[in-house]
Amino acid sequence: MIEIVGVSKIYSDTIKALDNVNLKIEKGEFVSIVGQSGAGKSTLVKLLICEEKPTSGKILIAGRNIVQLKLSELPYFRRKVGVVFQDFKLLPQKTVLENVAFALEVCDALPEEIKDKVPRILDLVGMLKCKDKYPDELSGGEKQRISIARALVHSPKILIADEATGNLDPINAWEIIELLDRINRRGTIVILATHNKAIVDRLKRRVVLIKNGTILSDKVRGGYVI
Amino acid sequence: MSWITISRITKLGLTNFWRNRWLSLASTLVMTLTLLIITLFVVMTMVISKTTTMIKSKIDVAVYFKDSATTQEISDLQQIIAARPDVKEVRYISKEEALRVWNERQKNQRIKELIKPEENPLPRSLAIKATNPEDLKNIADFLAQNQYSPIVHKISYEDNKQIIDKLLAITSFVKKMGWIFSITFVIISILVILNTIRLTIFTRKEEIEIMRLVGASDRFIKVPFIVEGILYGFLACIVATIALWIVIGLATPLTNRYLGSIVTENMHHFFISKFLLIFLMQFIVGILVGIGCSLFSIRRYLKV
Ligand SMILES: Nc1ncnc2c1ncn2[C@@H]1O[C@H](COP(=O)(O)OP(=O)(O)OP(=O)(O)O)[C@@H](O)[C@H]1O
Ligand SMILES: [Mg+2]
């Protein structure tokens, strides 16, 4: 489903964020990308959603090299991918409900569809009770859930979560991971980038370890792949 | 694009406009001023040049004859003049016709009654139209020769020439000023609107980025700003049209005094007959400036 082939990303002469990365992700997988701060996790996520272009290499999603997507095709590609951003990227002047609905509005969804889907997805992440609050009135974990709800609302095939457990306490973090796991079990590919190795180890799913922009190990439930 | 999307996008545009209402007001006012200035100059140029051609076509030399001149002498002269290549038309105006014209012109009954058909002091005359207005002088000079002085009472052509020269001078002046002012104001309004829209875009930079990342199409992002731009143009156009009527009302006594009632009448006529055209011109200029500015400002935010 997703195939990253020989991808490098050089921001400037001195900063090589990714160096010849190769990775293959199948349908229905839950992949955690683990590495220290600055390892290149966010860069990889940005490449996967075409926020940045790789300096070299191919990224195939459903057989299509997304590096070569035209500017006009980008929106349609992005609607198939849900992203939870490291910094949430919620709109402060919109309520929780509006923030989630916004992602649907942008995709030409009908009002009935919005009315139907948004509360259901908020319920799924356990945030229906907060639907009229503003992001500033939410805790980090709650923002995280809203961010996940927004990423999921248009039923993407792939969910990419960058540091979804970032600055959460262990209990909250684990709740988020459980949520992602549940989403994955419903058939969505989940790619989780995090520096919290302990938590993904507990999850017992595939773990890709990157350091200084290269893949150090690729472990499927304990057994090394590379 | 569906209706839902159109209404969503329009709403976003209106919200933008309202959120920065003071800036929006400034933009609208500058745009209004620009439209007003362009329109005024276009209209002034057109009215004056129309008046000029009107007067030009009316222009003629009139030779008034002494009552002592015989009909034969007058008709001889008429033939001589008609034969000249620079003369387009010669018309003989009898005493009776002169009286009729006099009566038509005078609205005051008492003045009308001053002249009675039995005792008509109005001279007979020849109305001569030149092929070119420039030839008038030659024709007048020809008539001023000594040989005709026994029969000629008066030759008149100077008055009209002065008016025409004045109008021509005004036209070229107005045109020049029109261009200078219009261009200056178009530039000013472009700068102001450009900055207003840039500011709206800047305050919504985050929103635009998020829109892009959750898969909004270019159109969805662009159109609200275009709507905002159109709104400036549209409001400005309406305000300018209202202001125009006020300006014309105020200008009427002035044009009456300095340019004559023909110009004023032409101006009023022009405004009434060309109202739609003027409105359309303002609308198009306003909206083009608005859309242009929006597209220009949003351009670099769409590259992510
Ligand atoms: N836009 C950019 N311009 C220049 N260098 C960048 C840019 N983005 C990231 N980098 C650099 O690329 C490297 C990888 O950054 P990246 O954000 O991918 O790290 P990360 O693994 O996500 O770290 P963290 O866990 O702190 O989020 C870092 O050295 C960073 O400084
Ligand atoms: Mg990161």
At a 4.5 Å cut-off on heavy atoms, which part of [X] comes close to chain B: side chain, backbone, both, or neither?
X: A:Lys53; answer: neither
X: A:Gln93; answer: side chain
X: A:Phe77; answer: neither
X: A:Ala151; answer: neither

Decide whether A:Asp132 and A:Thr95 meet the rule of one side-chain donor and one side-chain acceptor closer than 3.5 Å. no
Determine, for A:Lys46 against A:Asp162, whether the closest basic-nitrogen to carboxylate-oxygen distance falls under 4.0 angstrom. no
A:Glu175 bridged to A:Arg145 by N-O distance under 4.0 Å: yes
Which residues in residues 111-119 of chain A have a heavy atom less than 4.5 Å from any heavy atom of chain B? A:Pro111, A:Ile114
Is the cationic atom of A:Lys89 (NZ for Lys, CZ for Arg) positioned less than 6.0 Å from the six-membered ring centroid of A:Phe85 and within 45 degrees of its normal? yes
Heavy-atom neighbours of A:Gln36 CD exceed 12 at 6.0 Å: no
By ring pair (Phe, Tyr, Trp, His ring centres under 6.0 Å), B:Phe41 pairs with (sequence neighbours left out) B:Phe181
Which pairs of donor and acceptor atoms, one on a side chain in residues 233-240 of chain B, lie under 3.5 Å apart (sequence neighbours left out)?
none

Considering only residues two or more places apart or on different chains, which pairs with a residue in residues 236-246 of chain B satisfy side-chain hydrogen bond (donor to acceptor under 3.5 Å, both in side chains)? B:Thr241-B:Gln282
